Amino acid sequence: MPPYFCDLSINIQLVDAFGYSQAEVDKYAGDVDNDKEALMKIYKALQLARGFENACNQQYMQGKIRGFMHLDNGQESIPAFVDYAIKNGDKKYSYYREHTHAIASGVPPGEIMAELFMKETGSCKGAGGSMHIFDKPTYFQGGWALVSEQLPYAAGAAKSILLDRELALSDDESFEKQDVAPPADDDRISIVFVGEGGAQNGRTAELLNSAAKDNLPLLLIVIDNGRAINTFTSDVATNGKVYQQGKHYGVPGLMVDGQDAADVAKGGKAVVDYVRSGKGPAILQVHTYRFNGHSPADPEHERGRKDEKAWARVDQDPIKKFEEKYTANGVFTEDELKAVKKEILADVKAAVKFADESPMPPVELAKELEYPDAPDTDYNAKPAPAHADAVNARTISPDQMDTITAHIDGLREKANAGEISIGDAINLAIHEEMLRDPTTTIHAEDLQAGSSYDIPKLTQQTYGKIRAADEIIDEGHFIGKALGEGMNGYRPIVELMNTNFGIFGMAELSSAGNTYATTGGQFDMPMTIVGAGGTAPNQALGAEHSQPFHAYVMGIPGLKICTASSPDAAYGITKSMIRDNGPCFLFAPVKMMKEAKGKLDLGVCAPLNKATLLHEASAESVASGNAVTVLTYLHGVKEAQLVIDEIMEEGFDIDLIELTSLKPLDMDTIRTSLERTNKVAILDESTKTGGVGATVSARISEECFDLLDAPVNRLCMDDAPVPYASTMEVAVVKRGSDLVQGVFDLASGQY
């Protein structure tokens with residue numbers, strides 16, 4: 001059987017680790033033991049959790065609930081504690097076993113059951129399912145299916161509380177930021193649930209570091225049932241005492257016995273109050289026993305557990321222990337508890353009936369939930385927050401404002417002179433948008449120093465550490481924190497020093513793309529990710545810094561992806577992305593960040609769904625059949641522009657189209673060009689297998705086949721890793737000379 005690790009009483013732990021006096025500890029105990037109403041509240045929560053999960057199991061077996069489902073039977077003391085100690089305004093982040101956490105947070109059981117039934121009346125309109133329960137009115141923010149991914153999200157949510165206080169903003173009735181400060185006694189916190197198996201994930205250490213560094217109002221609840229999925233945690237981890245992991249960071253922890261629901265409420269409330277008081281983050285580890293296997297979807301893991309489960313139902317049932325204790329001491333009669341159970345079961349039955357009778361969502365809803373803002377949105381028409389000037393005046397000192405104004409003026413002078421770089425153009429766009437909308441934040445490595453290309457230059461010096469955060473070197477962590485901020489009314493920007501480093505954040509990027517749809521459109525996800533990347537010919541960076549990360553993320557639903565090979569494109573796209581209510585990713589060419597110079601269309605947002613025609617083939621070349629459509633992006637634009645004269649000297653010409661929008665793809669511009677040229681070459685900065693060119697080629701073949709006089713000519717990177725040595729690199733990375741040959745082959749009929 002899973003061991004019970006803690007050999008210290010709650011009293012001793014609260015005194016030693018949290019600094020409570022014995023009198024204060026006694027009061028927390030008395031507030032539960034001497035209050036029949038409080039005990040009844042706990043009992044009702046226990047019974048509702050058990051009854052709801054039993055009903056879920058029955059409906060799953062009847063086929064009304066589909067997919068993966070994870071039940072919480074045996075761990076009811078945790079939702080009972082949530083119901084007792086957690087407030088509506090607190091931000092709650094759970095994992096895939098979250099039904100009871102949502103109920104205890106105030107989400108209506110009928111809506112949760114309807115969500116499991118795939119119904120439109122579900123908490124997420126049937127888009128989320130069992131593992132993705134969200135509810136905006138109760139600030140229940142998931143339901144996350146990837147183990148431990150929720151940890152940095154909760155840190156971002158905790159940061160949003162500090163941002164509210166720093167900027168003197170709060171949520172209005174529509175959960176939009178208003179120019180009203182939180183109350184003086186604002187004591188909201190962020191709560192995140194994780195299993196003790198999941199707590200072994202490295203995200204836990206990153207969370208504790210971040211929470212301690214920023215003194216975040218965050219509570220980490222570790223649900224310790226002794227198992228990591230089905231394996232005993234002690235078989236895969238040496239430290240089961242997760243509550244002690246915070247010592248290195250100055251984060252106190254408490255271990256409680258989840259079989260005693262009253263003790264969990266007593267100790268848990270003391271820990272919650274510690275966090276509410278502003279003393280910083282804390283850990284609450286609750287040792288429980290989970291009656292069911294990991295999921296009904298894998299019942300084979302239940303074989304061989306018959307004796308163990310029989311023991312558990314006798315000795316490890318928190319409801320049974322509660323009933324025995326409080327009937328024996330005379331607090332409740334058996335009839336009182338039976339009446340409560342009957343009442344709860346009626347409520348559960350009503351939830352099932354509501355779900356059963358609710359309609360299925362319409363098929364059209366799936367596409368409607370792809371993006372919060374339509375691809376053709378005019379971002380110039382979006383109004384700035386009315387409170388921007390007031391917030392800036394109270395958060396940016398006159399000296400800071402003078403400094404940043406001078407910096408912006410200097411960049412605009414460069415822009416008007418045609419001398420601004422891509423990095424500086426993005427920096428200018430960021431400052432303009434951070435001043436226009438004070439809910440805009442930024443996260444980056446080496447942010448104070450301006451990172452590698454000055455993209456976040458002077459952000460922390462102007463807006464302070466609360467809005468401009470210098471981050472640890474783990475992109476997944478600060479992309480995750482940005483996600484948490486984005487769910488709570490802020491517009492985070494994430495600068496990646498090199499976009500390939502985003503590989504560390506694939507889980508977080510994937511969830512950012514899914515969030516708007518998964519939550520049934522409840523939660524926008526305004527997040528702008530920007531960085532230098534791509535693979536220039538002869539860049540000599542080796543394989544890891546030359547990966548086509550833009551191709552890797554193309555398959556993430558809900559993500560808008562753009563590229564920019566010029567300062568003007570980078571500037572206009574950045575401004576639009578920051579104003580977009582969904583996740584956006586801008587890739588800029590790593591070898592052109594300081595080299596490419598140009599003018600800017602100042603103050604103008606660019607569309608996020610359009611390609612750009614940079615050079616149009618002559619009418620003569622089109623009439624003679626010697627024109628070719630060339631599609632490219634990033635460094636490919638420069639390579640193509642360098643060989644246009646050479647192509648024309650050979651008697652050919654090209655429509656050069658920069659794919660400034662990779663997703664959604666601008667097929668209208670491509671089709672218009674093909675109607676003229678009937679031939680297309682793609683100079684592609686990604687691999688032959690699974691690359692951008694593969695997607696574009698497939699779309700052209702499917703949608704424009706009748707316009708083609710020849711197959712699509714893909715000039716893409718080889719599938720081999722990009723070598724460092726230039727003598728080998730030419731075999732992998734395509735360049736201008738390859739394009740010249742490709743155009744010749746198409747126009748001469750040799751391809």
Side-chain angles (χ1 to χ4, degrees), residues 2-10 12-20 75 78 81 92-95 97 144 146-159 189-229 231-258 264 267-268 270-272 274-275 279-288 471-474 476-478 480-481 484 504 507:
Y4 180 57
F5 295 108
C6 185
D7 57 0
L8 295 177
S9 72
I10 292 177
I12 293 173
Q13 293 182 80
L14 289 176
V15 171
D16 291 350
F18 289 84
Y20 282 110
Q75 304 184 149
I78 294 161
F81 149 70
K92 302 103 177 167
Y93 283 78
S94 190
Y95 60 134
R97 200 181 306 278
W144 301 90
L146 302 178
V147 174
S148 302
E149 65 163 311
Q150 70 276 13
L151 298 180
Y153 309 160
K159 183 79 173 292
I189 66 174
S190 177
I191 303 101
V192 59
F193 303 82
V194 68
E196 93 286 357
Q200 306 299 328
N201 189 291
R203 287 180 175 86
T204 302
E206 294 173 342
L207 174 74
L208 294 172
N209 173 72
S210 175
K213 180 179 73 70
D214 290 334
N215 200 44
L216 296 180
L218 185 141
L219 173 61
L220 173 62
I221 300 177
V222 181
I223 302 171
D224 172 17
N225 54 44
R227 291 183 182 272
I229 308 178
T231 301
F232 285 125
T233 309
S234 56
D235 290 343
V236 295
T238 59
N239 180 19
K241 298 180 180 180
V242 182
Y243 73 103
Q244 294 182 353
Q245 288 188 18
K247 286 184 177 180
H248 180 69
Y249 305 95
V251 177
L254 175 71
M255 178 79 156
V256 293
D257 182 1
V264 176
V271 174
V272 165
Y274 173 91
V275 179
K279 294 177 181 177
I283 304 170
L284 175 65
Q285 183 170 356
V286 185
H287 185 81
T288 70
E471 296 287 359
I472 64 168
I473 306 175
D474 186 336
H477 173 72
F478 58 87
K481 284 167 67 177
F504 282 106

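From a predicted model like this one, the values you see are computed outputs, not experimental measurements. One is the number of the first residue; the rest follow in order along the sequence.
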Asks: For Pro252 versus Ala17, what's the shortest heavy-atom pair and its separation?
Replies: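 Closest approach of Pro252 to Ala17, heavy atoms only: CB-O, 3.4 Å.
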Asks: Only one of Asn201, Leu220, Thr204 clears side chain to side chain contact (heavy atoms under 4.5 Å, CB included) with Val194; which?
Replies: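 The option that passes is Leu220.
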Asks: So how far is it from Tyr20 OH to Ile10 CD1, rounded to the nearest 0.5 Å?
Replies: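 With rounding to 0.5 Å, OH (Tyr20) is 13.0 Å from CD1 (Ile10).
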Asks: Taking Glu206 for the side chain and Phe478 for the main chain, is one N or O donor matched with an acceptor at less than 3.5 Å?
Replies: no
Asks: Do you know the tightest heavy-atom contact between Val251 and Pro281?
Replies: CG1-O, 3.5 Å
Asks: Any side-chain donor paired with an acceptor under 3.5 Å for Asp257 and His287?
Replies: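 No donor-acceptor contact under 3.5 Å links the two side chains.
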Asks: Using 0.5 Å steps for rounding, measure from the NZ atom of Lys159 to the CG atom of Leu218.
Replies: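 Between atom NZ of Lys159 and atom CG of Leu218 there are 13.0 Å.
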Asks: So which atom in Glu196 and which in Asn225 form the shortest heavy-atom distance, rounded to 0.1 Å?
Replies: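 Closest heavy-atom pair between Glu196 and Asn225: OE1-N, 3.2 Å.
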Asks: Does Ile473 have more than 12 heavy atoms from other residues, nucleotides or ligands lying within 6.0 Å of its CD1?
Replies: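 At most 12 heavy atoms, drawn from other residues, nucleotides or ligands, come within 6.0 Å of this atom.
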Asks: Check the surroundings of atom CZ in Phe504: do more than 12 heavy atoms from other residues, nucleotides or ligands lie under 6.0 Å from it?
Replies: no
Asks: For Gln244 and Gly253, indicate whether the former's side chain and the latter's backbone hold a donor-acceptor pair under 3.5 Å.
Replies: no
Asks: For the atom pair NZ (Lys213) and CD1 (Ile472), what is the distance rounded to the nearest 0.5 Å?
Replies: 9.0 Å
Asks: Rounded to the nearest 0.5 Å, how far does CD of Glu471 lie from OG of Ser210?
Replies: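 If I round to the nearest 0.5 Å, the distance is 6.5 Å.
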Asks: Check for a donor-acceptor pair, side chain of Gln245 on one end and backbone N or O of Ala205 on the other, with a separation under 3.5 Å.
Replies: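 It does not hold such a pair.
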Asks: Do you know the tightest heavy-atom contact between Ala507 and Arg203?
Replies: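 Here Ala507 and Arg203 meet closest at CB-NH2, 3.8 Å.
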Asks: Does any N or O in the side chain of Gln285 come within less than 3.5 Å of the main-chain N or O of Tyr243, such that one atom is a donor and the other an acceptor?
Replies: yes
Asks: Mind checking what makes ring pair (Phe, Tyr, Trp, His ring centres under 6.0 Å) contact with Tyr274, not counting sequence neighbours?
Replies: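 Ring pair (Phe, Tyr, Trp, His ring centres under 6.0 Å) list for Tyr274, sorted by chain: Phe18.
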Asks: Would you please name every residue forming a salt bridge (charged side-chain N to carboxylate O under 4.0 Å, His left out) with Lys92, sequence neighbours left out?
Replies: none
Asks: Less than 4.5 Å apart, side chain to side chain, heavy atoms only: is that true for Phe81 and Val256?
Replies: no
Asks: Please name the pair of heavy atoms, one in Ala199 and one in Val242, separated by the smallest distance, quoted to 0.1 Å.
Replies: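 For Ala199 versus Val242, the nearest heavy atoms are CB-CG1, 3.8 Å.
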Asks: Taking the side chain as everything from C-beta on, heavy atoms only, tell me whether Ile78 gets closer than 4.5 Å to Phe193.
Replies: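 When only atoms from C-beta onward are counted, Phe193 and Ile78 do touch, with a gap below 4.5 Å.
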Asks: Spell out, as yes or no, whether a donor-acceptor pair under 3.5 Å connects the side chain of Gln13 to the backbone of Met255.
Replies: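 Checked: pair present.
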Asks: Using 0.5 Å steps for rounding, measure from the CG atom of Leu219 to the CD1 atom of Ile221.
Replies: 4.5 Å
Asks: Can you measure from CG (Leu208) to NZ (Lys247) and round to the nearest 0.5 angstrom?
Replies: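 Between atom CG of Leu208 and atom NZ of Lys247 there are 13.5 Å.
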Asks: Could you report the tightest heavy-atom contact between Val271 and Ala282, atom names first, then the distance?
Replies: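 What the structure gives for the nearest pair is CG1-CB, 3.7 Å.
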Asks: Would you say Lys481 and Asp214 make side-chain contact, with heavy atoms under 4.5 Å?
Replies: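 They are in side-chain contact.
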Asks: Under a 3.5 Å distance rule, please check whether Ser190 uses its side chain to pair with a backbone N or O of Ala155 as donor and acceptor.
Replies: no
